[in-house]
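A short worksheet on the structure shown next.
To find a chain, count down the sequence lines: A is the first, B the second, and so on, and within it residues start at 1.
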Amino acid sequence: MAANEDNLKKIISHAKEYGYVFQSSEIYDGLSAVYDYGQMGAELKKNIKDYWWKAMVNMNENIVGIDAAIFMHPTTWKASGHVDAFSDPLIDNKDSKKRYRADVLIEEHLEKIRLKTEKDVAKGIKRFGDDFDEEQFRATNPNVLRNQTKIDDINARFKLAMDNDDLAGVKTLIEDLGIACPISGSKNWTDVKQFNLMFSTEIGAVAEAANTIYLRPETAQGIFVNYLNVQKSGRMKIPFGIAQIGKAFRNEIVARQFIFRMREFEQMEMQFFVRPGEEMKWYEHWKEQRFNWHQSLGIDEKYYRFHDHVKLAHYANAACDIEFDFPMGFKELEGIHSRTDFDLKQHEEHSGKKLQYFDPEINESYVPYVVETSVGLDRTFLAILSAAYTEEKLENDTERTVLKLPAFLAPIKVAVMPLTRKDGLPEKAREILTILKYDYNCNYDEKDSPGKRYRRQDAIGTPFCIMVDHQTLEDNTVTIRDRDTMQQERVAIDKIEAILKDKLDLRKVLN
RNA sequence: GCGGGCGUAAUUCAGUGGUAGAAUGCCAGCUUCCCAAGCUGGACGUCGGCGGUUCGAAUCCGCUCGCCCGCUCCA
């Protein structure tokens, strides 16, 4: 554990030192849980996006990509459930310092009262056996009735308080009920606070007439509200998918662990629309597909595992995560959810528009079921970066730090360097650079010894280095040095393009 | 939000009351030329920020911002 935490620190330092990730607004002391991608990070991130898009959109005939706006009609978030679900009333116990959801505390209290009734019922059964009329007992027994009244009263008070945004009322209710902290046993509570995880701003130039509008907390809704547009304009036939890469925003109470949990983050997701009843088949299909995608990055299988959700969200009938062994342990990287027809039904209801699909195969109209794959781009970035970060002991008893990034994702694909700065070698090297830079992001470096330059490229993860030496001038050959093996291979200049093309060929990874 | 740890150069750190250092890195030049060689020169820090104590603060105190860890949260 300690070694792993250490590892995260090292990765953060390395990421900063070599232009991968910077703290946002650093000169102003930073902004909590917001990060910027630097010159290397932006390239890596872009390459991850491209690779995902290629695998999901380009490789699947029945998946298309869109780019929806971050701003959406406010009703969207009522329909999706985010307005309610993303604003929990929270309360802290001052003695145990534990935080609870106020509604959960009250619900637990109600559960205790219900339990009393059940005990009474159980007693009755025990005493009277078969003669016991449970239904009548529940309807007439004074204790049971009194408890039921209590429950109804509490529910009514809670609902009233919540509907009126009366947080003080919620606190009073908790105090009146004598609810104690399960840990400390004390009733010493802070005020109830509302946390809304959605960022809001105003749309409309005139302040009085402005409407509150949210920054989307997830990208999925942009797909749902456009599903019919895409289906009709793209002549899509079920089953089909809509993919999207974009930013989402969550005002996390605690956001930490570098770029793992940020307030502004990017998701890559695909909603797959299927015929009702076939969702489990597709759920299994995408579980496998997405796992294979991660595997294709060439990171050891032991870094990944599935985690099935036991407790399902209100919209799902099956859900699992693909978890990655980050420096801080196994954490969610991607979620695969069978979302049923919940979202589309909700949007039908709130918009009053039909969101049905006519299925010519079965001659029937229906609201499709949805299987979602949603992967965090920043998390994928962190996963790849942390798996790639390697400190190696070399034979000559020195060390090197190398980013063993998948070659096709590396920010710089190839560095071209002259062995010395004399004898026309730089000119020759630049000729080669000119050939390659149309297809690949290249580096040129002539400063310092060759060994030092190799190490510099290792640190940023450049998979290939081309060295122009004196033999180049004689026979037009160069050496290509492999980042991971450190082996050099002498090849003809006119073969370089073919060799790189082969080494970076996505056909090999995308199977 | 609570608790713990921390914040000094690009990075890793030393410096505990007398106004700042090392190593690595970076830049220029010389030399060397295939895995962080050497030499010379150089740039970069209002010691996270604000305030207080003091003749004097990187150092002591308060507040604040940020990072890491635990709790909590993460439909």
The Watson-Crick or G-U wobble partner of B:rG17, with both key distances under 3.5 Å, is none
Contact summary for A:Gln346 and A:Lys78, nearest pair of heavy atoms = NE2-O, 4.4 Å
Reckon A:Ser32 has a side-chain N or O less than 4.0 Å from the OP1 or OP2 of B:rC67?
-> yes
A:Arg379 to A:Phe260, cation-pi by 6.0 Å centre distance and 45° axis angle | yes
How far, in whole Å, is B:rU8 from B:rA28 if one measures between their P atoms?
-> 28 Å
Considering only the P atoms, how many Å lie between B:rA58 and B:rU53, rounded to the nearest integer?
-> 16 Å
Any salt bridge between A:Arg157 and A:Asp176, counting N to O under 4.0 Å?
-> yes
Is the charged tip of A:Arg250 near the ring of A:Phe199: under 6.0 Å from the six-membered ring centre and within 45° of its axis?
-> no
Ion pair check, A:Lys428 and A:Glu431, cut-off under 4.0 Å | yes
Are A:Arg290 and A:Trp293 in a cation-pi contact, defined as NZ or CZ under 6.0 Å from the six-membered ring centre and within 45° of the axis?
-> yes
List, with names and distances, any nitrogen or oxygen atoms from the protein found under 3.5 Å away from nitrogen or oxygen atoms belonging to nucleotides 49-51 of chain B.
none

For atom CG of A:Asp67, decide whether the heavy atoms of other residues, nucleotides or ligands shown that lie under 6.0 angstrom number more than 12.
-> no
Determine the interatomic distance between P on B:rG7 and the same-named atom on B:rC39; round to the nearest Å.
-> 33 Å
Nucleotide paired to B:rC60 in any strand shown, Watson-Crick or G-U, under 3.5 Å | B:rG52
Whole-Å distance separating the CD1 atom of A:Ile27 from the P atom of B:rU46 | 11 Å
Look at all strands and tell whether A:Ala33 reaches a base, only sugar-phosphate, or nothing, counting heavy atoms closer than 4.0 Å.
-> sugar-phosphate
Span that lies between the C1' atom of B:rU32 and that of B:rG38, in whole angstrom = 8 Å
Is A:Lys287 positioned over the aromatic face of A:Phe306, cation under 6.0 angstrom from the ring centre and no more than 45 degrees off axis?
-> yes
Using atom C1' of each nucleotide, how far apart are B:rC30 and B:rU12 to the nearest Å?
-> 30 Å
Is there a donor-acceptor contact under 3.5 Å linking the side chains of A:Thr219 and A:Gln267?
-> yes
If pairing requires Watson-Crick or G-U wobble contacts with both distances under 3.5 Å, which nucleotide is the partner of B:rC30?
-> B:rG38
Distances under 3.5 Å between nitrogen or oxygen atoms of protein and nucleotides 11-13 of chain B:
residue : atom : partner : partner atom : Å
B:rU11  : OP1  : A:Lys16 : NZ           : 2.4
B:rU11  : O4'  : A:Glu17 : OE1          : 3.4
B:rU11  : O3'  : A:Ser13 : OG           : 3.4
B:rU12  : OP1  : A:Ser13 : OG           : 2.5

Pick the C1' atom in B:rU59 and in B:rG1, then give their distance to the nearest Å.
-> 31 Å
In this structure, CZ of A:Arg453 is separated from OG1 of A:Thr462 (nearest 0.5 Å) by 13.5 Å
Quick one: side chains of residues 13-20 of chain A, donor-acceptor pairs under 3.5 Å with protein atoms, not counting sequence neighbours, listed by atom name and distance.
residue : atom : partner  : partner atom : Å
A:Ser13 : OG   : A:Lys9   : O            : 3.1
A:His14 : NE2  : A:Ala459 : O            : 2.8
A:Lys16 : NZ   : A:Glu26  : OE2          : 3.1
A:Tyr20 : OH   : A:Ile460 : O            : 2.6

So, is the end of the A:Arg216 side chain (NZ or CZ) under 6.0 Å from the ring centre of A:Phe71 and within 45° of the ring's axis?
-> no
May I ask you to say whether A:Arg481 pairs ionically with A:Asp458, meaning some side-chain N is under 4.0 Å from a carboxylate O?
-> yes
Close N/O contacts between protein and nucleotides 40-42 of chain B (under 3.5 Å):
none

Remember a base hit wins even if backbone is also touched, and classify A:Phe260 as base, sugar-phosphate or nothing at under 4.0 Å, heavy atoms.
-> nothing
Whole-angstrom distance between B:rA20 and B:rG45, as gauged at atom C1' | 9 Å
Donor-acceptor pair (no angle test) under 3.5 Å: A:Arg256 side chain, B:rG70 base | yes
Nearest-angstrom distance, C1' atom, B:rA9 to B:rG18 | 23 Å
For B:rG70, which nucleotide in any strand shown is its Watson-Crick or wobble partner with both distances under 3.5 Å?
-> B:rC2
Per the O4'-C1'-N9-C4 / O4'-C1'-N1-C2 angle with a 90° window around 0, B:rU32 comes out syn
In 5'-to-3' order, the base (B), backbone-only (S) or no-contact (-) status of each nucleotide in nucleotides 26-38 of chain B, using a 4.0 angstrom heavy-atom cut-off, is S-SS---BBBBS-
Taken in chain and number order and not counting sequence neighbours, the residues that satisfy side chain to side chain donor-acceptor pair (under 3.5 Å) with A:Lys495 are none
Residues A:Glu43, A:Lys413: salt bridge by 4.0 Å N-O rule = no
